[in-house]
Amino acid sequence: MKPLRKAVFPVAGLGTRILPATKAMPKEMLTIVDKPLIQYAVEEAREAGIEQFIFVNGRGKGALEDHFDIGYELEATMTARGKSLAPLEGTRFPPGAVMSVRQQSPLGLGHAVWCARAIVGDEPFAVLLPDDLMVGRPGCLAQMVEAYNKVGGNIVCAQDVPRARTASYGIITPGAQHGALTEVRGLVEKPKPEEAPSTLGIVGRYILQPGIMPILETIGKGAGGEIQLTDGMAALIGKQPFHAVTFDGDRHDCGDAKGFVIANLALALARDDVGPAVRAHLESIA
Ligand code: UTP
């Protein structure tokens with residue numbers, strides 16, 4: 001079994017659910033307290049042992065690459081003024097560790113992942129959707145890697161979702177269950193509540209085998225007229241091991257205003273530096 005070293009971050013979406021914030025700024029640069037979403041995802045991947053970080057980027061989203069480059073002028077000025085560079089620590093990487101490919105048109109998540117095929121090569125890889133902010137210890141991808149080291153194959157992260165909301169998720173047909181690990185027998189993208197095979201929904205973390213790439217090349221458009229990663233994964237079931245890991249932690253969908261604000265409050269309240277002031281203010285207005 002090849003070790004997991006590479007992670008793909010699809011960041012080429014248009015972020016229409018949280019406009020106008022994302023008109024000129026990438027959704028993945030939206031800030032939760034004082035750190036952009038992309039950095040939370042990259043740090044989670046680094047904690048799980050990832051060495052190569054592959055952004056699938058789109059036009060006008062260069063800020064994502066700049067965030068992990070050297071901020072030469074900023075650093076020189078801060079150093080000259082005697083300021084600590086510690087806040088920039090999580091943005092520093094060895095040369096070549098962060099790479100980018102372009103998705104020329106946002107044709108869907110499956111298409112975005114396929115755009116990374118040349119860098120992924122013949123290795124297993126993780127996919128992290130930065131707008132799903134996963135808060136847990138160990139981190140979400142680390143929990144999945146622990147399972148991957150036991151069962152190999154393909155692994156998706158799953159959470160129980162309300163039945164009324166199945167049409168917002170890829171839904172799993174579950175097989176045998178052992179603790180947090182569930183065998184995946186089938187996958188369906190965005191089913192109506194009455195047609196959903198379960199309420200176990202896929203959230204934005206995956207460990208996939210490279211065999212998915214030729215499938216993504218040929219599957220064509222699915223739900224919503226987009227090339228769906230779920231459809232590509234469904235074609236692997238029965239050919240390779242396929243499991244879901246139920247994440248032990250909290251997930252915040254920061255792709256819309258409600259989830260974004262809740263995530264900011266949750267993470268702010270959990271912090272020693274800003275938490276007490278935020279809590280005191282909330283209590284004063286409650
Ligand atoms: P979303 O569906 O949440 O992102 O995709 P979106 O399309 O940007 O958002 P809305 O629905 O218009 O508000 C999940 C992830 O997949 C990426 C997005 O950038 C996001 O990180 N994505 C999506 C791509 O990279 N390319 C695509 O064609 C679609």
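Heavy atoms only: backbone and side chains are in, while hydrogens, waters and symmetry mates are out. Numbering of ligands and ligand atoms starts at 1, following listing order.
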**Asked** Is it true that F68 and F55 have ring centroids separated by less than 6.0 Å?
**Response** yes

**Request:** Provide the number and element of each atom of ligand 1 under 4.0 Å from a heavy atom of A112.
**Result:** 24 (C), 25 (O), 26 (N)

**Message:** Is there a polar contact, in the sense of an N or O pair closer than 3.5 Å, between G108 and ligand 1?
**Reply:** yes

**Prompt:** Shared ILVMFWY cluster between F242 and I207, side chains joined below 4.5 angstrom?
**Reply:** no

**Request:** Compute the shortest N/O to N/O distance between L129 and ligand 1 and return yes if it is under 3.5 Å, no if not.
**Result:** no

**Atoms in ligand 1 flagged as close to P130, the criterion being non-hydrogen separation under 4.0 Å** = 21 (O)

**Request:** Could you check atom 24 (C) of ligand 1 against the protein and tell me its nearest heavy-atom contact, residue, atom and distance included?
**Result:** G13 N, 3.4 Å

**Asked** Which of the numbered atoms in ligand 1 are below 4.0 angstrom from a heavy atom of P106?
**Response** 28 (O)

**Item:** Nearest non-hydrogen protein atom, atom 6 (P) of ligand 1
**Value:** K27 NZ, 3.5 Å

**Atom indices of ligand 1 within 4.0 angstrom of Q103 heavy atoms, with elements** = 24 (C), 25 (O), 26 (N), 27 (C), 28 (O)

**Message:** Considering both backbone and side-chain atoms of L14, is one of its nitrogen or oxygen atoms within less than 3.5 Å of a nitrogen or oxygen in ligand 1?
**Reply:** yes

**Prompt:** What do you reckon, does E28 have a nitrogen or oxygen under 3.5 Å from a nitrogen or oxygen of ligand 1?
**Reply:** yes

**Request:** Check the side chains of D248 and Q143 for a donor-acceptor pair under 3.5 angstrom, ignoring hydrogens and angles.
**Result:** no

**Asked** Can you find a protein heavy atom closer to atom 22 (N) of ligand 1 than 4.0 Å?
**Response** yes

**Message:** List ligand 1 atoms under 4.0 Å from T16, heavy atoms only on the residue side.
**Reply:** 10 (P), 12 (O), 13 (O)

**Closest protein heavy atom to atom 20 (C) of ligand 1, given as residue, atom name and distance to 0.1 Å** = P10 O, 3.7 Å

**Prompt:** Where does E226 meet ligand 1, judged by heavy-atom distances below 4.0 Å: at the side chain, the backbone, both, or neither?
**Reply:** neither

**Item:** H252 side chain near L267 side chain, heavy-atom distance below 4.5 Å
**Value:** yes

**Under 3.5 Å: donor-acceptor pair, side chain of R163, backbone of P193** = yes

**Item:** Between OG1 on residue T230 and OH on residue Y206, distance to nearest 0.5 Å
**Value:** 5.5 Å

**Complete:** Closest heavy-atom pair, A116 versus I54, reported as atoms and distance to 0.1 Å, is CB-CG2, 4.1 Å

**Item:** Protein heavy-atom partner closest to atom 8 (O) of ligand 1 - residue, atom, separation in Å
**Value:** G15 N, 2.8 Å

**Fill in**
atom 25 (O) of ligand 1 has as its nearest protein heavy atom A12 N, 2.8 Å

**Prompt:** Does the distance from a Lys or Arg side-chain N to an Asp or Glu carboxylate O, for E75 and R92, drop under 4.0 Å?
**Reply:** yes

**Request:** Among all protein heavy atoms, pick out the one at the shortest distance from atom 2 (O) of ligand 1; state its residue, atom name and that distance to 0.1 Å.
**Result:** R17 NH2, 4.4 Å

**Atoms in ligand 1 flagged as close to L107, the criterion being non-hydrogen separation under 4.0 Å** = 28 (O)

**Request:** May I ask you to list the atoms of ligand 1 that are less than 4.0 angstrom from any heavy atom of L109?
**Result:** 16 (O), 29 (C)

**Asked** Is D273 paired with R271 through a side-chain N to carboxylate O contact shorter than 4.0 Å?
**Response** yes

**L133 side, atom CG; L30 side, atom CG - distance, nearest 0.5 Å** = 11.5 Å

**Request:** Determine yes or no for a side-chain-to-main-chain donor-acceptor pair under 3.5 angstrom, with N57 supplying the side chain and A12 the backbone.
**Result:** no

**Message:** Using modelled atom types and a 3.5 Å cut-off, is there a donor and acceptor pairing between side-chain atoms of S198 and backbone atoms of P174?
**Reply:** no

